[in-house]
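Lettering of chains follows the sequences in order, A, B, ..., and the numbering in each one begins at 1. What you see is a predicted model; the values in this text were computed from it and never measured.
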2 protein chains.
Amino acid sequence: MTAELNDRKEQILRSVVINYIKTAEPVGSRTISRSHPGGLSSATIRNEMADLEEMGYLAQPHTSAGRIPSQRGYRYYVDDLMDLNELSEDVEEKISTSLSAGKMREIEQIIMNSTRVLSSATNQTSLIMGPQFKKSAFHQLRILPLDEKRGLVVLITDTGFIKNKVIDFQHQLSQTELQQIVSYLNQKLYGLTIDQVTTSLINELKRDLFRRLEILEQAFILLEESLKEEKQIRVFLGGTTNILNQPEFKDVDKIRRMLNLFEQEPLLFKILEDTSSEDNIVVRIGSENEFEDIKECTLITGTYRIHDKTLGTVGVLGPTRMDYGKVISVMRRLVDQLNQSLSSS
Amino acid sequence: MTAELNDRKEQILRSVVINYIKTAEPVGSRTISRSHPGGLSSATIRNEMADLEEMGYLAQPHTSAGRIPSQRGYRYYVDDLMDLNELSEDVEEKISTSLSAGKMREIEQIIMNSTRVLSSATNQTSLIMGPQFKKSAFHQLRILPLDEKRGLVVLITDTGFIKNKVIDFQHQLSQTELQQIVSYLNQKLYGLTIDQVTTSLINELKRDLFRRLEILEQAFILLEESLKEEKQIRVFLGGTTNILNQPEFKDVDKIRRMLNLFEQEPLLFKILEDTSSEDNIVVRIGSENEFEDIKECTLITGTYRIHDKTLGTVGVLGPTRMDYGKVISVMRRLVDQLNQSLSSS
DNA sequence: TTTAGCACTCTATAGTTTGGAGTGCTAAAG
DNA sequence: CTTTAGCACTCCAAACTATAGAGTGCTAAA
């Protein structure tokens, strides 16, 4: 994985990547020669660049244009050459103030703020997968009767998640019946994660069916209704218009495809879910991405946790020509802050 | 307002508008002459068109191009010439099935579905202002203790709105203390609309302060916290990418400005709020819009209500060249359905 | 009042020219 | 053996030029 290239080639590759990231223009040998004063002549650089191209790290849009990094070039850069940026005070402040646990209790609020901060700090589109509700554990279930026919189910998880849903009662229920249902459910479900509930519940149901029929029938409906909705996890987006500033998206058709993708939440979810959560930060360059629609993009993801349990994924999506150092350092900091903010609530 | 134009001119204006809406190309005299078989020659039409241009109903992108409707032309068309379309079965079905009150209790669900239906039926961007929470009346307030330090405030309005928020208790509260607070608040607030609450609450607070100090202090915080968030009303968007299909948005810069607008919820809110809710459906063509950013667009809005109380606004935003008849008839139908669905819950 | 006819205008499209940036190769210099 | 100067070559992008076609306005005849 390391150092297939000699020092000089590495320097040149690095120069090409950095330059291209900055200018979005193919980088010529003279540009590099000049930026290393007292260095090598353009002719020498040219030779090296030709080598790098043959080895697959650089590419030429056409003869007589400069070189641009290939996907492999970016990969080498990210793995071996990249420096992480210091965060600017500006960004540092935005992250720490707008995400501090202080004011906001709701997880959703925090997440939405995160998308905003992340996209504005990176000038890319940010996507954040909301907390994986179904990975959370049951903590408490309450039912508030609203009137004779309706009630409000409130579901609380160990991760501080709160969901509520209005449900209809099939038959009229007395206060004590409700009480019974609720405490029965709480007893059975306490500590289970949400995705364990559906299957285990059915088993419980079957076993206890003949004893508690009428009561459980109701309860089952309540639960099912309130859980159904939670299967889909929300993906929050920020800075979708940032792609319009990127010259690689000057084509209206590309824009359309990209924005279309952004509107399809389930797809976004799959894209984010797909990253192995082993490493903290994962960089997927170009065709390393599984999904056709983003094969010309780079996706950088990180995961955030609460009490060491992975809650969701944070991502930045942009063209392969992206400021890797900056994005990665911003994301590191953001994930840290998220972990901290969420744990303290 | 009516019939400043003779029959023939009206026919021609109508033809130009309809043609231009369909093709997005300037309409020439021959096109019209041909589409009225046995009608007038192109020369005659030309004369009339010249008149219409002088009167301000038509415009020419340049000499030797056909005519396109001016803003005034569209206005005349909408006021006097337009036919409403029958809804296609397809659309009719989408509206009635996906918005029926049956499955969905949550207002938000219904609204989000509405944006989807509206944008797909009109091929434009749809925006719907969520229910005006602060115009709803207090119905019930509950507080569920979560643990010693925290509780869940649940607020229910007469319009079936349910909002909850986790709050911290400053001091530890006993069950009975909580009970007291809640019933006191419910008693005082019942029937008030939410935007009445803040001011009247302060007065109440002051008056009762010396008697119920500790209790009310808590309660006030609870309320304030839970109300603060509700000031901002959500605007839901659908089909934002539809503008990319419109030839008037082939310019990336225009797209950027438009999409940028879509990301600024407060602005969208202002735009929607601004429509006088007297008439059911309001059409704002081009510069009739107050807001700079949409002066090249047409905004068509309608309001939906529950029990005769205006809840929110539904809008369709697109280029002035838009199928007015279709949009208006779809919106009529949608608003009807919304009123019905919301009232029945 | 309507229409045929014609000269005129303007745009969009395709084709042409040209300058410049960058390359690869060769041969000389270190 | 490595580096570099020099030069011919390639290719694109931008500017310019031609051309066809759609549409107009006006005039004079029906």
Side-chain angles (χ1 to χ4, degrees), chain A residues 5-13 15-20 22-70 73 247-248 250-252, chain B residues 5-13 15-20 22-70 73 247-248 250-252:
Chain A
L5 299 181
N6 64 36
D7 245 33
R8 201 164 73 183
K9 284 204 171 60
E10 285 197 344
Q11 285 309 320
I12 291 172
L13 175 56
S15 273
V16 172
V17 172
I18 291 177
N19 255 290
Y20 185 62
K22 205 170 2 184
T23 64
E25 298 289 330
V27 184
S29 52
R30 282 208 58 204
T31 316
I32 291 182
S33 165
R34 257 174 312 182
S35 72
H36 279 265
L40 301 165
S41 78
S42 64
T44 312
I45 309 271
R46 262 202 299 285
N47 288 329
E48 294 285 38
M49 282 169 110
D51 288 355
L52 282 168
E53 177 169 3
E54 205 172 350
M55 298 164 87
Y57 294 102
L58 293 180
Q60 240 178 335
H62 51 263
T63 7
S64 92
R67 303 302 207 295
I68 63 177
S70 68
E248 25 271 280
K250 66 184 195 308
D251 178 18
V252 179
Chain B
L5 300 179
N6 63 38
D7 245 33
R8 203 166 69 184
K9 284 202 171 58
E10 285 196 344
Q11 286 308 319
I12 291 173
L13 176 55
S15 273
V16 172
V17 172
I18 291 177
N19 256 289
Y20 185 61
K22 204 169 4 181
T23 64
E25 298 288 329
V27 184
S29 52
R30 281 206 60 203
T31 316
I32 292 181
S33 163
R34 258 174 311 181
S35 72
H36 279 264
L40 300 166
S41 77
S42 65
T44 312
I45 309 270
R46 267 204 294 287
N47 288 329
E48 294 285 37
M49 281 170 110
D51 288 354
L52 281 168
E53 178 169 3
E54 204 173 352
M55 298 163 87
Y57 294 102
L58 293 180
Q60 239 178 336
H62 51 265
T63 8
S64 93
R67 303 303 209 292
I68 64 177
S70 68
E248 25 272 280
K250 69 181 191 311
D251 177 21
V252 179

Check the distance between C:dA4's P and B:Asn47's CG and give it to me in whole angstrom.
-> 13 Å
Can you check the B:Asn19 CG to D:dG23 P distance for me, whole Å?
-> 11 Å
Do the side-chain N or O atoms of A:Arg67 get closer than 4.0 angstrom to the phosphate oxygens (OP1, OP2) of C:dA21?
-> no
Taking the side chain as every heavy atom from C-beta outward, state whether A:Ile45 and A:His36 have any atom pair closer than 4.5 Å.
-> no
In whole angstroms, the gap separating C1' of C:dC25 from CD1 of A:Ile45 amounts to 18 Å
For C:dG30, which nucleotide is its Watson-Crick or G-U wobble mate, given both distances must be under 3.5 Å?
-> D:dC1
At their closest point, which heavy atom of A:Leu58 faces which heavy atom of A:Pro69, and how far apart are they?
-> CD2-CA, 3.9 Å
Could one point to a donor on the side chain of B:Thr44 or the base of C:dT2 with an acceptor on the other under 3.5 Å away?
-> no
Between CD of B:Glu53 and P of D:dG25 the distance, given in whole Å, is 7 Å
Does B:Thr63 place a side-chain N or O at less than 4.0 Å from the phosphate oxygens OP1/OP2 of C:dC10?
-> yes
Counter-base of D:dA29, judged by Watson-Crick or G-U geometry with both distances under 3.5 Å | C:dT2
Reckon B:Ser42 has a side-chain N or O less than 4.0 Å from the OP1 or OP2 of D:dG23?
-> no
Which nucleotide, in any strand shown, forms a Watson-Crick or G-U wobble pair with C:dC8, with both distances under 3.5 Å?
-> D:dG23
Mind checking whether A:Arg46 and A:Ser42 have side chains closer than 4.5 Å, heavy atoms only?
-> yes
B:Leu58 atom CG is separated from D:dT24 atom C1', nearest whole Å, by 14 Å
Let me know the distance between CE of A:Met49 and C1' of C:dT23, rounded to the nearest Å.
-> 10 Å
Whole-Å distance, A:Leu40 CG to D:dT2 C1', equals 10 Å
Quick one: is D:dT4 close enough that its OP1 or OP2 comes under 4.0 Å of any side-chain N or O from A:Ser41?
-> yes
Are side-chain heavy atoms of B:Leu5 and B:Met55 found at a separation under 4.5 Å?
-> yes
Separation of C:dT23 atom C1' from A:Glu54 atom CD, nearest Å, is 15 Å
Which of the following nucleotides, D:dT10, C:dT23, C:dC10, is nearest to the side chain of A:Gln60?
-> C:dT23
In terms of the nearest nucleotide of DNA chain D, which residue is placed more toward the 5' end: B:Ala43 or B:Gly66?
-> B:Gly66
Looking only at N and O atoms, is any donor in the side chain of A:Arg30 or the base of C:dG20 less than 3.5 Å from an acceptor on the other one?
-> no
Less than 4.5 Å apart, any side-chain heavy atom of B:Lys9 and any of B:Asn6?
-> yes
Nearest of C:dT23, D:dT24, C:dC10 to any side-chain atom of B:Arg46?
-> D:dT24
